[in-house]
Amino acid sequence: MRGARGRRGLRGGRAVRSWWREMSGLLLPAECAGCGAPRTVLCEECGAALHEPGAREVRPDAPPDGLPAVWAATVYTDQPRAVLLAHKERGALGLARPLGEALAGAVYAAVRGGGGGGAPETRRREAGPPLPPPALPPFLLVPVPSSRRAVAARGHDATRRLALAAATDLRRDSLTVRVAAVLRQRREVADQAGLGARDRPANLSGALTAVRGADRLLRTAPVVLVDDLMTTGASLAAAARAVEEAGGRVLAAAVVAGPAPLRHARAAEAAGENGHPGRRPPPR
């Protein structure tokens with residue numbers, strides 16, 4: 001009984017923290033998370049930065065074994081870095097929607113590109129009637145899990161929240177997508193941010209697994225792994241192994257921000273001087 005009461009108390013504490021974060025975002029004076037401009041959670045310039053230079057396939061300098069093709073909406077620098085940290089570490093939950101829209105662009109490019117190897121066909125989101133549904137099969141978005149300790153400290157699961165926001169945005173374009181938060185950490189791991197590129201894969205080796213019963217869901221549709229950012233790729237590679245061990249098929253991975261993007265020959269040819277293949281601008 002004491003354990004049950006303790007768990008209820010822990011959940012209650014998390015609920016209070018989440019409620020306070022939501023209310024503070026509505027009631028307290030806001031400033032842009034990207035540049036500090038007053039009276040806005042995210043200014044127009046910083047919002048646009050989340051979609052520049054457009055979704056591209058990216059790779060770390062030394063890709064770990066098992067890393068799938070990864071698509072990123074933007075480069076992890078300046079405003080995107082500040083916005084991601086504000087959402088993840090400071091609980092600026094109002095940023096989930098614009099970050100989710102950016103992530104949706106990367107997911108769309110990943111699925112459209114067939115998992116990598118070239119520039120995807122693109123569609124532009126403009127004001128007006130909904131676009132016709134693309135010829136894309138149903139797929140699952142599987143967020144890379146954070147540790148329970150990190151989620152408790154932050155008061156929210158940042159990656160799952162972004163996955164849900166991205167799925168909502170993708171469904172507006174008539175895509176059939178479901179968020180499947182089926183991965184968990186089976187053991188404690190060190191904070192990846194404090195480790196070098198060589199230590200990160202070892203830190204996560206065997207640390208991720210699928211929850212019981214996930215195999216049935218994972219066999220229903222291909223998987224796009226999602227995370228807020230990619231640096232070394234260790235987390236995404238570990239997540240891909242866990243999905244595959246449970247019987248799933250990983251199509252690709254998508255992140256809001258990553259390292260400087262690759263530029264495929266077909267993408268450069270299609271873009272010309274001013275184009276941005278793969279870009280899926282946010283709705284106006």
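No side-chain donor-acceptor contact under 3.5 Å links Thr159 to the backbone of Pro143. Using a distance-only test at 3.5 Å, with no hydrogens or angles considered, a donor-acceptor pair links the side chain of Arg241 to the main chain of Asp65. Without hydrogens or angle criteria, Arg171 side chain to Val177 main chain gives a donor-acceptor distance under 3.5 Å. In terms of modelled atom types and a separation under 3.5 Å, the side chain of His156 and the main chain of His87 share a donor-acceptor contact.
With a 4.5 Å cut-off on side-chain heavy atoms, Leu67 and Arg59 count as touching. At a threshold of 4.5 Å between non-hydrogen side-chain atoms, the residues Val144 and Leu183 do not count as touching. Counting only heavy atoms from C-beta outward, the side chains of Pro138 and Arg178 never approach each other to under 4.5 Å. Taking 4.5 Å as the limit, every side-chain heavy atom of Arg184 sits out of range of all side-chain heavy atoms of Leu208.
Heavy-atom minimum distance, Leu84 versus Ala257: CD1-CB, 3.9 Å. The heavy-atom pair separating Gly66 from Ala240 by the smallest distance is O-CB, 3.8 Å. Minimum heavy-atom separation, Ala33 to Ala82: O-CB, 3.4 Å. Between Ala72 and Ala106, the shortest heavy-atom contact is C-CB, 4.0 Å. Of all heavy-atom pairs between Thr232 and Pro64, the closest is O-CD, 3.2 Å. Closest heavy-atom contact between Leu140 and Leu217: CD1-O, 3.6 Å.
In summary, of the residues considered (Asp228, Asp157, Asp227), a salt bridge (charged side-chain N to carboxylate O under 4.0 Å, His left out) with Lys88 occurs for Asp228 alone.
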Derivation of the side-chain contact (heavy atoms from CB on, under 4.5 Å) call for Thr74 and His51: CA-CA 6 Å; Thr74 189; His51 300 266; over 6 Å; no
Candidate pair Phe139 and Leu175, rule side-chain contact (heavy atoms from CB on, under 4.5 Å), full reasoning: CA-CA 9 Å; Phe139 59 94; Leu175 275 70; 3.9 Å; yes
Intermediate values then yes/no, side-chain contact (heavy atoms from CB on, under 4.5 Å), Glu45 and Cys32: CA-CA 10 Å; Glu45 180 179 347; Cys32 175; over 6 Å; no
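In this structure, Asp78 CG and Cys35 SG are separated by 11.5 Å, a value rounded to the nearest 0.5 Å. For the atom pair CG (Leu93) and CG (Leu95), the distance works out to 8.5 Å, reported to the nearest 0.5 Å. In this structure, Glu244 CD and Arg249 CZ are separated by 10.5 Å, a value rounded to the nearest 0.5 Å. Interatomic distance, Leu42 CG to Gln79 CD, rounded to the nearest 0.5 Å: 9.5 Å. Going from atom CG of Leu229 over to atom CG of Leu162 covers 10.5 Å, rounded to the nearest 0.5 Å.
Atom CZ of Arg81 has more than 12 neighbouring heavy atoms from other residues, nucleotides or ligands inside a 6.0 Å radius.
Linking ILVMFWY residues whenever their side-chain heavy atoms come closer than 4.5 Å, directly or via other members, leaves Val75 and Leu50 in distinct clusters.
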